[in-house]
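Structure record follows, encoded as structure tokens.
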Amino acid sequence: MTSLTTAPAETLIDSSTKFQPERQINQIFRWLTIALAVCVGLVLLWITYSLLLIALPAIRTFGLGFLTNSTWNPVEEIYGVFPQIYGTILSSFLALLFAVPLGVGVAVFLTENFLPPKILTPIAFIMELLAAIPSVVYGLWGIFVFLPAIRPILQGINRAFGWIPFFSTTPGGRHLFGASLVLAIMILPTIVAISRDTMSSLPPQLRQGSYGLGATRWETITRVLVPAGLSGIIGSVMLALGRALGETMALAMLVGNANNANISWFSPASTIASLIANQFGEASGLQKSSLFYGALILMVLTLLVNILAQMVVSRFQQVE
Amino acid sequence: MNPSTRPNSASDTLENNDIVIRTENVSIFYGAFQAVRNVFLDVPKNNVVALIGPSGCGKSTLLRCYNRLNDLIPGARVEGKIAYQGVDLYDPKIDPVEVRRRIGMVFQKANPFPKSIYENVAFGARINGFKGNMDELVERSLRGSALWDEVKDKLKESGLSLSGGQQQRLCIARTIAIEPEVILMDEPCSALDPISTLRVEDLMHELKKQFTIIIVTHNMQQASRVADMTAFFNAEATEGGSRFGYLVEYDKTYNIFNAPKQQATQDYVSGRFG
Amino acid sequence: MAHSSSQSAPLDNQFAVSSGRKMFGNIMTALVFSCVAIAAIPLVSILFMVITKGLGGLTPAVFTDLPPAAGVAGGGFRNAITGTLITCLIGALISVPFGVLTAVYTIEFGRGNKLSQFVSFCTNILSGVPSIIAGLFAYGIVVLATGTFSAVAGGIALSVLMLPIIIRTSEEGFKSIPRDTRLAATGIGATNFQSVTQIILPAAMPFIATGVTLALARAAGETAPLLFTALFNQYDAKSIWEPTATLSVLIYNFAISPYKNQQALAWVAALIVVLLILVVSILARIVSRRKVY
């Protein structure tokens, strides 16, 4: 039988047990990354907690009535955000109404080879640039270019269809409808990007199968591809909704900041985010606390929408 | 044959060779699934030991246990004892990083780092606390892997710019540079052309003067050309339909290919398998 | 048999694409093209207006002077340019190490485990947090605590918005590195720390650089988080613990101001911000093409 060498073997145990700075460094590094990873979750909690802390006096004073009260009166210190909740939801809804068909259309255009890739790539890139333009620039453009440009059209609609409650007021300089249109432009890239990813990641067999059965391109798109990618598209819409709900600057600059919940889309309105942006500078005490209460509502609203969106999108990815 | 019985220990027939790695009744599990069953295998110093057998026989799985790379796979578990120079590699006191510094590995697919050729070789030495003359070590390692003449004028170029065969020799140089005792090679030539393969095989004959080599290979000719000892593994299906691997026969390479004791080995080496 | 052959002529017709189906296709194609056109109009209009209106007011004084009082001609916003750079830098100093190390955990240490999945989920949620909320958060934890509006508060608000972008792009970068490369480092005895710092981080650098530039581009245009944190300053801020002017807040303030000269400066500032962002986005795109693998 052969002999076993023992001398270097001891060094394996020795070197494994003796103090080595690099082993220590590795452990510290590992724990550091774990700590920071956990902190990402904690930041979310911290944000909610810090809002809650400042909002507490307003929550104690107004309770849930804050959601249904339409008064914003700093003199008598009575606050409620019903018009803002109405404005936030209505503006987001109107923005989706325009952006979803447009966005899905562009996504189909970008994935279904209507034009050679040489032309499509720059168009896709331009869509991404649209997302990179800051919202304050959209606001600036809205004030000086877009709102003046659509004003005559809206006035025409008002004259012709004024009997419909949505168009019943004469459009002035700022109004919910114009702000919603700008919002639609701003959320368009989100819808395009995710719908496009969804459509282009559909298995090619779907397409081939449909063409193989003699379907035309458009029958394939509308009956096979869009239904197959529906959950991805819905996810993109939800993410866009999350963005629209929280959008601040463009709305603060365009929506008119009127504290009323008017049925007419052509009248000035207000959203939670625009209210905060407008009032925060002069606010103190209970008014500031009420603004944080509003922010908390906005936070919860966007969290819910985003969590739902994540669930829809990740379910699509699993199916895929 | 009953896989749990110990095959003829090849070390009986070996002369005064030291055993570097002793594999005693090793089974390897992934979760509840047993991938390799009851292996006994002793690796003598300064030998090339080839592990051959059909795919799914667990030879690569076993190889990766020798430097604890299986630790990276969640749920992987080793039973039995793998002793490196008398020390149990899976002793809780042992730091797997230390094991890998003594038992280096060359992979199936050449995987140079996205760094210069020089840095590829120097990286391992540097992290091992090498304090000597780095230029000299890099040159020695590249010469050791028969790559020096081809790259000496472009040491600053990316390791990824080399051809496949050169990349694999760079990986061998990288492993030599950490001056391990044992080099594990997991099908190092399977992605190479015949000429590069021949180069690497020649290299192994040189390397075994200094190192002990365990090589997994699909290629029986390669095993017969480079290995001093050969272990033949086979796979068997369980009642549940999953397959586990076991060691059929381990002997001098000449015996495995010319006078195998087991019928299965005879069938495999003569190509009458499966 | 006779029956089917007698039907062969109508069959041909039956399988030809009917004119109705053709028309449906043409209408849809036209619709899709008009979608693209409608989507392109605003972008073209914005770029055109920003460039024409911005170029008109672009003078050297813009970079050297302070913001003018209402109705006074001339002036510039050198303080806002430096302020934007400083707040973005502070945001990056916080979010880049935080984000990259978090990605190291989710990909290198805990890939696929419960904690990484949770972190990825939180990252997605964090990226959906409205920017004004990030501002209120920084107001709550910095401005209230220090008693002053400051570039630091602004930077912290921006870092909340930059963090998810940096985590995601770093994760993409780490994922792009083949498993073989990690095995190679581990196989020759590198600790995780050594393989991350010496192999994986350098190889993932193009991705991380892309992420950082994209995050900076976003931060440079953000206004809402800065309104109540960095606030604004008519003059140069003397330290990072003072109210600080930024380009985006300047655009907002001047856009809603009734004075023509201030409105004109808002367009110039918009031009600079948009150019900055477009250049950075395009650069990021070029950098990300230069992949190691």
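Proteins come first, then strands; the chains are lettered A, B, ... in the order of their sequence lines, and each starts at number 1. Since we're looking at a predicted model, the values are computed, not measured.
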Would you say N26(A)'s side chain and E22(A)'s backbone share a donor-acceptor pair under 3.5 angstrom?
-> no
How long is the span from the OH atom in Y49(A) to the CG atom in L296(A), to the nearest 0.5 Å?
-> 13.0 Å
Measuring heavy-atom distances to chain A, does V196(C) have an atom under 4.5 Å in its side chain, in its backbone, in both, or in neither?
-> side chain
Pairs of heavy atoms under 4.5 Å with chain A: top-ranked of L214(C), I46(C), L43(C) | I46(C)
Measuring heavy-atom distances to chain C, does T48(A) have an atom under 4.5 Å in its side chain, in its backbone, in both, or in neither?
-> neither
Relative to chain A, which of P97(C), P164(C), G110(C), S45(C) shows the most heavy atom pairs under 4.5 Å?
-> S45(C)
Which value, rounded to the nearest 0.5 Å, describes the distance between I276(A) atom CD1 and F292(A) atom CZ?
-> 8.5 Å
Which bit of V145(A) comes within less than 4.5 Å of chain C, counting heavy atoms only: side chain, backbone, both or neither?
-> side chain
Are F109(A) and F33(C) close enough that their ring centres sit under 6.0 Å apart?
-> yes
Residues from residues 34-46 of chain A approaching chain C under 4.5 Å (heavy atoms) | I34(A), L36(A), A37(A), V38(A), C39(A), V40(A), G41(A), V43(A), L44(A), W46(A)
Does any heavy atom of chain C fall under 4.5 Å from the side chain of I143(A), the backbone, both, or neither of them?
-> side chain
Under a 4.5 Å heavy-atom cut-off, does chain A meet the side chain of M28(C), its backbone, both or neither?
-> both
Applying a strict 4.5 Å limit to non-hydrogen atoms, the region of A266(C) in contact with chain A is both
Side chain, backbone, both or neither: which part of I167(C) has an atom under 4.5 Å from a heavy atom of chain A?
-> side chain
Audit row: N113(C), S116(C), side-chain hydrogen bond (donor to acceptor under 3.5 Å, both in side chains) steps and yes/no = CA-CA 5 Å; N113(C) 71 10; S116(C) 326; 2.7 Å; yes
Would you say the side-chain atoms of S289(A) pair up with the backbone N or O of A58(A), donor to acceptor, closer than 3.5 Å?
-> yes
T29(C) versus chain A, the contacting section by heavy-atom distance below 4.5 Å = both
Can you check side-chain hydrogen bond (donor to acceptor under 3.5 Å, both in side chains) on S159(C) and S95(C), steps first, answer last?
-> CA-CA 5 Å; S159(C) 72; S95(C) 58; 5.8 Å; no
Which value, rounded to the nearest 0.5 Å, describes the distance between M249(A) atom CE and S248(C) atom OG?
-> 8.0 Å
If you count heavy-atom pairs under 4.5 Å with chain C, which of N306(A), I25(A), L140(A), V104(A) comes out on top?
-> L140(A)
Tell me the residues of residues 183-192 of chain A whose non-hydrogen atoms fall below 4.5 Å from those of chain C, in number order.
-> I185(A), L188(A)
Donor + acceptor pair across side chains of R174(A), N257(A) (<3.5 Å) = no
Chain C contact via L115(A) - side chain, backbone, both or neither, heavy atoms under 4.5 Å = side chain
Ionic contact status for E172(C) with R168(C), cut-off 4.0 Å | no
Could you tell me which of L53(A), L239(A), V106(A) has the largest number of non-hydrogen atom pairs under 4.5 Å with chain C?
-> V106(A)
Does the cation-pi check pass for R217(A) over F114(A), that is, NZ or CZ under 6.0 Å from the six-membered ring centre and within 45° of its axis?
-> yes
When only pairs under 4.5 Å are counted, which of L136(C), T191(C), I277(C) shares the most heavy-atom pairs with chain A?
-> L136(C)
Contact leader toward chain C among F280(A), F144(A), F146(A), where contacts are heavy-atom pairs under 4.5 Å | F280(A)
Whatever's closer than 4.5 Å to a heavy atom in chain A on L115(C) counts as side chain
Do the side-chain N and O atoms of E171(C) and T106(C) include a donor-acceptor pair separated by under 3.5 angstrom?
-> yes
Heavy-atom distance under 4.5 Å to chain A: side chain of V36(C), backbone, both or neither?
-> both
Have E219(A) and T216(A) got a donor and an acceptor in their side chains that come within less than 3.5 Å?
-> yes
Whatever's closer than 4.5 Å to a heavy atom in chain A on L227(C) counts as side chain
Please determine, among T223(C), V50(C), V160(C), T197(C), the option with the most heavy-atom pairs under 4.5 Å with chain A.
-> T223(C)
So which part of S127(C) gets closer than 4.5 Å to some heavy atom of chain A, the side chain, the backbone, both or neither?
-> neither
Ranked by heavy-atom pairs below 4.5 Å to chain C, first place among P134(A), A309(A), G281(A) goes to P134(A)
Proximity breakdown for L32(A) and chain C, heavy-atom pairs closer than 4.5 Å = side chain
Portion of V136(A) that has a non-hydrogen atom of chain C nearer than 4.5 angstrom = both
Return yes if a side-chain donor-acceptor contact under 3.5 Å exists between S120(C) and T123(C), otherwise no.
-> no
Quick one: pull up OG1 in T33(A) and CH2 in W31(A) and give me the separation to the nearest 0.5 Å.
-> 9.5 Å
Any donor-acceptor N or O pair under 3.5 Å, side chains T246(C), T87(C) = no
Out of A224(C), G140(C), A40(C), which one racks up the most heavy-atom pairs below 4.5 Å with chain A?
-> A224(C)
Side chain, backbone, both or neither: which part of R30(A) has a heavy atom under 4.5 Å from chain C?
-> both
Side chain to side chain donor-acceptor pair (under 3.5 Å) partners of W267(C), counting only residues at least two apart | none
Distance in Å, L291(A) CG paired with I272(A) CD1, rounded so as to fall on 0.5 Å steps | 11.0 Å
Minimal heavy-atom distance between V182(A) and A250(A), with the atoms involved, is CG1-CB, 4.4 Å
What residue in L298(A), I221(A), I54(A) has the most heavy-atom pairs under 4.5 Å with chain C?
-> L298(A)
Relative to chain A, which of A270(C), A269(C), P42(C), G99(C) shows the most heavy atom pairs under 4.5 Å?
-> P42(C)
Is it the backbone or the side chain of I141(C) that comes under 4.5 Å from a heavy atom of chain A, or both, or neither?
-> side chain
If you draw a 6.0 Å radius around CZ in F109(C), do more than 12 non-hydrogen atoms from other residues or ligands fall strictly inside?
-> yes
Hey, does the side chain of T271(A) reach the backbone of Q84(A) with a donor-acceptor pair shorter than 3.5 angstrom?
-> no
Have E247(A) and S135(A) got a donor and an acceptor in their side chains that come within less than 3.5 Å?
-> yes
Of the backbone (N, CA, C, O) and the side chain (C-beta and beyond), which part of S281(C) lies under 4.5 Å from a heavy atom of chain A, both, or neither?
-> side chain
Tell me, out of A277(A), A131(A), G246(A), G242(A), who's got the most heavy-atom pairs with chain C below 4.5 Å.
-> A277(A)
Against chain A, label L231(C) side chain, backbone, both or neither, depending on which of its atoms sit under 4.5 Å from a heavy atom there.
-> neither
Taking a cut-off of under 4.5 angstrom between non-hydrogen atoms, the residues of residues 249-257 of chain C near chain A are I251(C), Y252(C), A255(C), I256(C)
In terms of side-chain heavy atoms, does K288(A) have a donor or acceptor partner in Y293(A) at a distance below 3.5 Å?
-> no
